[in-house]
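For clarity, every value in this text was computed on a predicted model and none was experimentally measured. Heavy atoms only: backbone and side chains are in, while hydrogens, waters and symmetry mates are out. Chain identifiers are assigned alphabetically (A, B, ...) following the order of the sequence lines, protein sequences preceding nucleic acid strands; residue numbering begins at 1 within each chain.
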Protein chains: 2
Amino acid sequence: MLKEERFQIILNQLGHEQKVYLGHLSTLLNVSEDTVRRDIKELADQGLLKSVRGGAVPHSPGPHHFRDRMKYDNEQKQIIATKALQFLKDGQVVLFDGGTSTMLIAQMLPKDLRLTVITNSFPIASLLEEHEHVEVLFAGGRLLKNSFVTIGNDAIQFFKKFRADICLLGICSIHAELGVTGPDFEESDVKRAMIESSREVIALATGEKLGTAEAYYVCPTERLSMIITDQANDNEAFKIYTDLGIRMV
Amino acid sequence: MLKEERFQIILNQLGHEQKVYLGHLSTLLNVSEDTVRRDIKELADQGLLKSVRGGAVPHSPGPHHFRDRMKYDNEQKQIIATKALQFLKDGQVVLFDGGTSTMLIAQMLPKDLRLTVITNSFPIASLLEEHEHVEVLFAGGRLLKNSFVTIGNDAIQFFKKFRADICLLGICSIHAELGVTGPDFEESDVKRAMIESSREVIALATGEKLGTAEAYYVCPTERLSMIITDQANDNEAFKIYTDLGIRMV
DNA sequence: TTACAATTTGCAATATTCTGCAAATTTAAT
DNA sequence: ATTAAATTTGCAGAATATTGCAAATTGTAA
């Protein structure tokens, strides 16, 4: 089999699938994984696809570009996203924090919902492309390559210009006394700016993040209007939060 | 058997299949593999097929799904992008206008080049993800869904904060007296802001855009430092531009 | 951190292509 | 028809490319 035949097969796969795997191609083409890897590298050099760990994805950035590179499809986040959807109403201005759980919400958003979405996340902005009635305002700033969010003073100043109805805060650690905390210094700064520009703050949190804390402080717990978790909302342990006036969902 | 007969047979095969093997042709045509190889080389020189190790493939391979997503990959723009690359030097701050030709440049950028890229285009920012040494600053603003660029006052103000070395202006119409013009009102505003923030302005223009004008004014022609076209730079008609002090490439 | 998976790198075995040359064939002019 | 020049063909050895393997490195997830 010619090298070019393999090329054609690989590219064809990518025309149909959003991702091809080294192992799969290796058996399909009957060559070693090393060869597939080298093929992918060559095609990537020609700009015909993008090499990623374990395989390759189509190169052209489009609405589906980011989706397939993120592993957000676990059940907990699905539950959280579904719960969150009911709080987004026509005409609202919503701040979307970066992260995979907010991405899921963006993806599940009804197509006829009229919203103004303000975000610093490429993936979220991309996902909203097909939502005709969603106006997207994007925060400028320095682009973090791996997570595709903008950060820095420019992003912060951008958010400060608005007065949003809701801020959807991606998964952080929440501790009744230590407050809301995150794993990244600069992203935390941006989150704080988003929170300050919003009337209500809805935090998304999987059960195991409740009662924990991370290195960088974001805001006091009582600033949250609502915490959406994957757990049943009659949970005993939730009392500390409801006592602070936070709605648990 | 005549050489021309062999040529016919080889090309015929390639009309039906996506590939031909040296070995097959050698037995089919009853000549040595060397002869087939030389035949293929000759046909390749005429651009009738593409010679590859072990055989040959059609020059512009069949109905490729992936080719659809590269609809900007036409030869003119390829030429322009290649020419443009040489003017980007280590350490520079470069403004990238949106559009497919600037995208091509981003795609062809050497991986080891150190740049600061400032842009309002999602696709360009995405393409630069894998360039470790390229810092991307993204302009915030209202997101235009179809073209994935940000526009509006926020984007304009963002660009105004910088003093870049080079501004790469995507394909516009250029007219010696009427100046540089574009087809979209709001995008033209942003382009103007980019131009004002840059020391040098390099315009990319396919031959047929030279001497034409569109609805929205961007800047006077003499503000350009250089025009990169797909044409040979000793063109007679270029004199009007060189007289304005613009370098034609 | 640790453990594990993926990637990179160097290398040897194999396959393909290139090069020069001589024999065979074709071409063109007498 | 004959000859000489040019072209084409096949072949052998050198140069180059591809492939798979294994060790070293890097990246990722728990």
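- Ring orientation note: the planes of B:Phe138 and A:Phe138 are nearly perpendicular, at an angle over 60° on the 30°/60° scale.
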Do any N or O atoms of the protein come closer than 3.5 Å to N or O atoms of nucleotides 26-28 of chain C, and which pairs are they?
none

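- Atom CG in B:Asp39 sits about 13 Å away from atom C1' in D:dG10, given to the nearest Å.
- Spacing between atom CG of B:Leu25 and atom C1' of C:dT16 amounts to 15 Å, rounded to whole angstrom units.
- Taking atom CD of A:Glu42 as the reference point, atom C1' of D:dA17 lies 11 Å away to the nearest angstrom.
- One can place CE of A:Met1 at 11 Å from P of D:dT19, the figure rounded to the nearest angstrom.
- Within a 6.0 Å sphere centred on CZ of A:Arg247, heavy atoms belonging to other residues, nucleotides or ligands number 12 at most.
- Contact of the B:Thr150 side chain with the A:Leu137 side chain is not registered, since no non-hydrogen atoms from C-beta on lie closer than 4.5 Å.
- Where A:Val31 and B:Val31 meet DNA chain D, the nucleotide closest to each residue was compared, and B:Val31 sits on the side nearer the 5' end.
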Determine, step by step, whether A:Lys191 and A:Asp97 satisfy the salt bridge (Lys or Arg N to Asp or Glu O under 4.0 Å) criterion, reporting the C-alpha distance in whole Å, the side-chain angles of both residues, the deciding distance to 0.1 Å, and the verdict. CA-CA 7 Å; A:Lys191 281 184 212 286; A:Asp97 180 23; 2.7 Å; yes
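- Here A:His24 and A:Tyr21 keep their ring centres 6.0 angstrom or further from each other.
- Rounded to whole angstrom, the span from the CD1 atom of B:Ile40 across to the C1' atom of C:dC18 amounts to 15 Å.
- Computed from coordinates, the A:Phe7 CZ to D:dA17 C1' distance equals 12 Å when rounded to whole Å.
- The shortest non-hydrogen separation linking A:Val149 to A:Gly98 is CG1-CA, 4.2 Å.
- Open room surrounds NZ on B:Lys41; 12 or fewer heavy atoms of other groups in view lie less than 6.0 Å from it.
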Where do N or O atoms of nucleotides 6-10 of chain C meet protein N or O atoms at under 3.5 Å, pair by pair?
from	atom 1	to	atom 2	distance (Å)
C:dA6	O4'	A:Arg53	NH2	3.0
C:dA6	O3'	A:Gly54	N	3.2
C:dT7	OP1	A:Val52	O	3.3
C:dT7	OP1	A:Gly54	N	2.6
C:dT7	OP2	A:Arg37	NE	3.1
C:dT7	OP2	A:Arg37	NH2	3.1

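- Other residues, nucleotides and ligands contribute over 12 non-hydrogen atoms within 6.0 Å of the NZ atom of A:Lys83.
- Whole-Å rounding puts the B:Tyr21 OH to C:dT17 C1' distance at 18 Å.
- Residue A:Asn30 qualifies as open at atom CG: its count of foreign heavy atoms under 6.0 Å is 12 or below.
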